[in-house]
Amino acid sequence: MSATDTIVAVDVVITSPGRNFVTLKITTAEGLVGWGDATLNGRELAVASYLRDHVAPLLVGRDPARIEDTWQYLYRGAYWRRGPVTMTSVGAVDLALWDIKGKATGQPVYQLLGGAVRDRILTYTHASGRDVPRLLDAIDAQRARGFLAVRAQSGVPGLGTVYGVSESGPGPGSGAGPDHARAGQGPAGRGAAPDVEIWDTDAYLRHAPEMLAAARAHVGPELKLLHDVHHRLTPGEAARLGRALEAVNLFWLEDVTPAENQEVLRHVRRHTTVPLAIGEVFNTVWECQTLITEQLIDFVRTCVTHAGGISHLRRIAALAEIWQVRLGPHGPSDISPVAMAASLHVGLSTPNFAIQEYMGYEPVVHEVFRHAWSYEDGYLHPGDEPGLGIEVDEALAARFPYEPAYLPIARRQDGSVSDW
Ligand code: CS2
Ligand code: MG
């Protein structure tokens, strides 16, 4: 890329190979193409419009090499800053520009970020079951694929479908790890309106400790076990659950309580030593600043796309490193292989990066998004292709049109809305 190269085209590719993905494509005058994931599960078209209508016209003519200046331009120049739609849009541009810079220099992005600080990246995947026996079978299936860390979620006696439980269980491996796209929490429920799930915290609190204790007894002491509460408890309930789970020796207990008010985690922290992970719904460092600087969490979960791209995730990592908080970025099937690639380039080059979530994808997704990253024996690696190591088959992508899809809504037994 010469010093005079400029952005000449900015396009948004929406495709739905099993679930909706939004991908940003930036093309330069010298023919370089950069890709960025812009998928926001359940609100895909909002990001597509933000990019097409408000960002693309501003990028044409800009110098693609000025990644940080573009980030500042899009973040501060919007005036209305932060939030998932804005920061996913900024993130997509950031990923695409890092991709271009790597292709221009012939370097994988992790080399541009300072080079590798590890040889491979530990990953965890999901296992779920409507009841404990099915959960244990699902855990065994993931262990058989070499995973060293598994998130365990089960149904709750007396309730119907709840977050995190696949109806059909994990799909067969695609050679690149598991394929959970059929998982209940993988693709957003397709349809013109969200599905409604009934939630009962008391039933969950009665069940979760025995479910996770059974998982630990089944797998033995070494397998890293994780569990996602998914924002559904009050701080007091979270403190009780954390204390009840300490003997299970979880790798982390995730999203124990909604953390818009970061200070409520002080109460949880006072009562339990269970490792806490929060951050997948946060979009900037400011939303997890207190959690990090008061050491209210052990892992920050911000995602490379929804938190403003590689450039901003590195800022979050740098703050977290000062307080010995580690990164465990969000990586479900509703971030695309483009985002997975970017997260792994950050993971290979960031000292306090602990673990990458990886749910896997349907085989067709690997065909639409051809990637250099790979899974092997419980670890991931971004590969050494220039840039992010990703190419999108646009002709194949065009064969999968967008379908309206929403995440479920949870309601309590009294009909009031709960956190899903
Ligand atoms: C979950 C996500 O993987 C996780 O930790 O919290 O699967 C989350 O439910 C989805 O990303 C929502 O789109
Ligand atoms: Mg989660």
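Start at 1 and go down the list; that is how both ligands and their atoms are numbered. Just so you know, these numbers come straight off a predicted model, no measurement behind them.
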Problem set entry | With Val264 via side chain to side chain contact (heavy atoms under 4.5 Å, CB included) - residues at least two apart | Pro235, Thr257, Asn261
Exercise. Between Glu403 and Ser16, does any side-chain donor sit less than 3.5 Å from a side-chain acceptor?
Worked result: no
For this session: For the residue pair Glu254 and His227, confirm or rule out a side-chain donor-acceptor distance under 3.5 Å.
Result: no
Element-labelled atoms of ligand 1 that are located less than 4.0 Å from some non-hydrogen atom of [X]:
| X | answer |
| --- | --- |
| His330 | 1 (C), 2 (C), 3 (O), 4 (C), 5 (O), 8 (C), 11 (O) |
| His126 | 3 (O) |
| Tyr163 | 1 (C), 2 (C), 4 (C), 6 (O), 7 (O), 9 (O) |
| Asp228 | 1 (C), 4 (C), 5 (O), 6 (O) |
| Arg151 | 1 (C), 3 (O), 4 (C), 5 (O) |
| Leu407 | 12 (C), 13 (O) |

Residues [X], [Y]: salt bridge by 4.0 Å N-O rule:
| X | Y | result |
| --- | --- | --- |
| Arg269 | Asp298 | yes |
| Glu237 | Arg232 | no |
| Glu222 | Arg143 | no |

Seminar exercise, completed: Quick note, ring-ring contact (aromatic ring centres under 6.0 Å, His included) partners involving residues 322-355, not counting sequence neighbours, are Tyr110-His345
For this session: Would you kindly check if the NZ (Lys) or CZ (Arg) of Arg19 is within the cone defined by 45 degrees around the ring axis of Phe21 and under 6.0 Å from the six-membered ring centre?
Result: yes
For this session: Apply side chain to side chain donor-acceptor pair (under 3.5 Å) to the pair His306 and Glu280, showing each step before the final yes or no.
Result: CA-CA 8 Å; His306 303 146; Glu280 72 179 48; over 6 Å; no
Exercise. Hey, does Glu357 come in under 3.5 Å of ligand 1, counting only N/O atoms on both sides?
Worked result: yes
Problem set entry | Closest candidate by heavy atom, reference atom 9 (O) of ligand 1, pool Arg301, His230, His306 | His230
Exercise. Of the listed options (Glu280, Glu254, Arg19), which comes nearest to atom 6 (O) of ligand 1 when hydrogens are ignored and any heavy atom counts?
Worked result: Glu280
Exercise. Near the Mg ion (ligand 2), which protein N/O/S atoms fall under 2.8 Å?
Worked result: Asp228 OD2, Glu254 OE2, Glu280 OE1
Problem set entry | Contacts of type side-chain hydrogen bond (donor to acceptor under 3.5 Å, both in side chains), residue His381, not counting sequence neighbours | none
